[in-house]
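Read through the structure below, which is laid out as structure tokens, and then see the notes.
Just follow the structure's listing: the first ligand is 1, and inside any ligand the first atom is 1.
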Amino acid sequence: MTDHPKAQLSAYLDDELNDEERQQVETHLATCESCQVLLEDLLSIQGDVVKTFQLIQEPADLEIRVLQSIGIEKMPAAAGKGWLYVPLVALLAFGAIWFATGPIFVKLIVGFIKFMMVMVYLASHFISSVPVLSGLTVVLSLIVLTASVYSLRRLFQTTTD
Ligand SMILES: [Zn+2]
């Protein structure tokens with residue numbers, strides 16, 4: 001094979017090739033350094049995407065850890081912003097009561113507040129532990145915020161069905 005199977009590398013990562021195609025790609029990869037580099041780039045991009053989606057799709061575990069951190073440890077990193085959690089927790093408690101009575105929009109608001117608490121925790125924790133990456137975190141936060149708005153809209157669409 002003389003051509004670099006660049007278009008197939010992405011399909012290869014997604015496991016969308018048949019046995020013959022996969023073998024061709026693997027044979028080429030074994031001898032082609034530039035395609036190995038490209039594959040690693042694709043892997044790293046895919047890893048970032050997967051991590052971001054896990055962050056969005058599995059907030060339940062994170063939420064528990066955040067609530068534990070706030071309640072038990074009183075994190076040093078967030079100590080200066082302790083006042084921030086007072087209205088949030090009050091809103092959360094208020095929202096929980098309303099949620100018990102049924103309104104769907106309260107469920108959305110509570111979900112959003114919980115999600116924002118996770119984001120605040122992640123942002124403060126990440127910035128304090130890796131100062132160099134704080135700029136990157138702001139960008140990532142904006143992306144996650146956008147994604148959270150999108151998932152809220154999706155949640156709203158499914159709950160009104
Ligand atoms: Zn190649």
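Between the CG atom of Leu145 and the CE atom of Met119 there is a distance of 9.0 Å, given to the nearest 0.5 Å.
Not a single side-chain hydrogen bond (donor to acceptor under 3.5 Å, both in side chains) links Glu16 to another residue, sequence neighbours left out. Remark: Ile113 engages Leu88, Leu91, Leu92, Ile109, Met117 in a side-chain contact (heavy atoms from CB on, under 4.5 Å) (not counting sequence neighbours).
Around the Zn ion (ligand 1), protein N, O or S atoms at less than 2.8 Å comprise His4 ND1, His28 NE2, Cys32 SG, Cys35 SG.
Contact of the Leu29 side chain with the Tyr12 side chain is registered, since non-hydrogen atoms from C-beta on lie closer than 4.5 Å. Contact of the Leu13 side chain with the Leu9 side chain is not registered, since no non-hydrogen atoms from C-beta on lie closer than 4.5 Å.
Under the salt bridge (charged side-chain N to carboxylate O under 4.0 Å, His left out) criterion, the residue pairs touching residues 20-38 are Asp15-Arg22, Asp19-Arg22, with sequence neighbours excluded.
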